[in-house]
Amino acid sequence: MSVDSLDLIKTFHEVASRGSFSKAAVSLQLSKATASKYVAELERRLGVRLLHRSTRAISLTDAGQRLLERSTYLVSYAEEMMDELREFGSLPKGGLTLSAPYGLMFGGFSDIIATYVRSYPDVRLTLRFTNEPIDLIREGVDLHFGSGTIADQQLIARRVMKFDLVLCAAPAYWERFGKPATLEELTHHNVLQYSAWAAASLAPARRPDTPVAHRLGVIEVNDPVAVVQLALRGVGIAVAPKPAVASFLANGELVQALDEHMPTDLWVYAAYSERRHKSAALSAMLRLLDRFGLDVQ
């Protein structure tokens with residue numbers, strides 16, 4: 001059988017991911033028999049069994065599990081490279097739908113979106129902001145930005161933006177109430193906390209030696225702009241990603257506190273469905289993210 005090894009691995013990856021030769025064959029536009037032969041040929045070349053087969057189901061051997069984990073990046077990278085070569089010399093067209101939590105347009109993402117719009121005028125860009133979990137396929141979203149864990153294992157994700165979480169308040173607030181020296185002292189302050197930032201970033205990032213009895217989120221809102229604006233007016237202490245308040249920290253309108261206790265190196269990821277289905281418009285956005293090399297502090 002003269003078949004490229006990459007095609008064999010792609011077939012195995014599809015079968016293992018979908019748990020079915022039939023479903024994999026439909027996805028790959030092959031016959032079920034051909035898909036089965038490809039996996040058998042890959043097992044022959046490698047000299048190991050990758051799948052346990054029965055009349056009702058298939059399951060992965062230890063070697064198959066290892067290959068599935070390792071092949072995900074290999075298959076995705078190869079398909080991305082082929083897509084880029086096919087698209088070379090032509091501008092993306094059509095629609096591109098992005099989704100993100102409220103507040104993500106602070107900092108570098110606004111520059112990314114502006115650059116994309118200027119570079120690809122034939123793309124119809126749609127931005128959706130929500131703090132609720134979404135189903136990319138069902139809701140027609142091409143690329144989702146978020147933080148935390150990814151429940152859907154069929155999505156491909158990459159880390160695109162690093163940020164620190166900060167506590168900050170207006171100088172007038174610090175003058176009136178004083179700066180807290182420990183996290184426990186926050187129980188005596190008005191802490192302004194954006195619900196999505198807190199759930200995604202603050203709680204799981206506490207250091208092992210950090211007390212957990214302190215009370216954060218005295219004033220919780222679902223609008224990140226409100227957190228920053230209330231902090232600027234001396235209402236309380238903002239809990240916010242540093243990019244969201246960087247300009248106010250730089251000009252002195254907000255002043256940080258308890259830096260040593262705040263989580264750092266938090267990440268926003270970009271997630272999208274199987275890469276072989278992505279459009280030229282989505283490919284262009286992914287390349288732009290790579291080019292900007294987002295590592296926003």
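Sequential numbering from 1 along the given sequence is applied to the chain's residues.
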Find the distance between CG (L230) and CD1 (I237) and round it off to the nearest 0.5 Å. 13.5 Å
So, using side chain to side chain donor-acceptor pair (under 3.5 Å) as the criterion, who are the partners of S59 when residues are at least two apart? none
Using the ring-ring contact (aromatic ring centres under 6.0 Å, His included) criterion, which residues pair with F248? Sequence neighbours excluded. none
Residues forming a side-chain contact (heavy atoms from CB on, under 4.5 Å) with S119, sequence neighbours excluded: T115
By side-chain contact (heavy atoms from CB on, under 4.5 Å) - contacts of L6 (at least two apart): D4, K10, L74, A78
Pairing residues for N251 by the side chain to side chain donor-acceptor pair (under 3.5 Å) criterion, not counting sequence neighbours: E253
Results of ring-ring contact (aromatic ring centres under 6.0 Å, His included) for Y173 - residues two or more places apart only: F177, H189
With sequence neighbours left out, what residues match L125 under side-chain contact (heavy atoms from CB on, under 4.5 Å)? L96, L98, I113, Y116, V117, L127
What residues form a salt bridge (Lys or Arg N to Asp or Glu O under 4.0 Å) with R66, not counting sequence neighbours? none
In chain order, what residues pass the side chain to side chain donor-acceptor pair (under 3.5 Å) check against T130, with sequence neighbours excluded? none
Please name the pair of heavy atoms, one in A281 and one in G95, separated by the smallest distance, quoted to 0.1 Å. CB-O, 4.2 Å
Side chain to side chain donor-acceptor pair (under 3.5 Å) involving S22 - partner list, sequence neighbours excluded: none
Shortest non-hydrogen separation from T11 to A35 and the atoms involved: CG2-O, 3.7 Å
Partners of T126 by side-chain contact (heavy atoms from CB on, under 4.5 Å), sequence neighbours excluded? T97, R128
Are Y269 and F145 an aromatic pair by the rule of ring centers under 6.0 Å? no
Of all the heavy-atom pairs spanning L8 and Y38, show the shortest one and how long it is. CD2-O, 3.6 Å
Apply salt bridge (charged side-chain N to carboxylate O under 4.0 Å, His left out) to residues E41 and K37 and explain how you reach the verdict. CA-CA 6 Å; E41 173 64 13; K37 288 179 181 179; over 6 Å; no
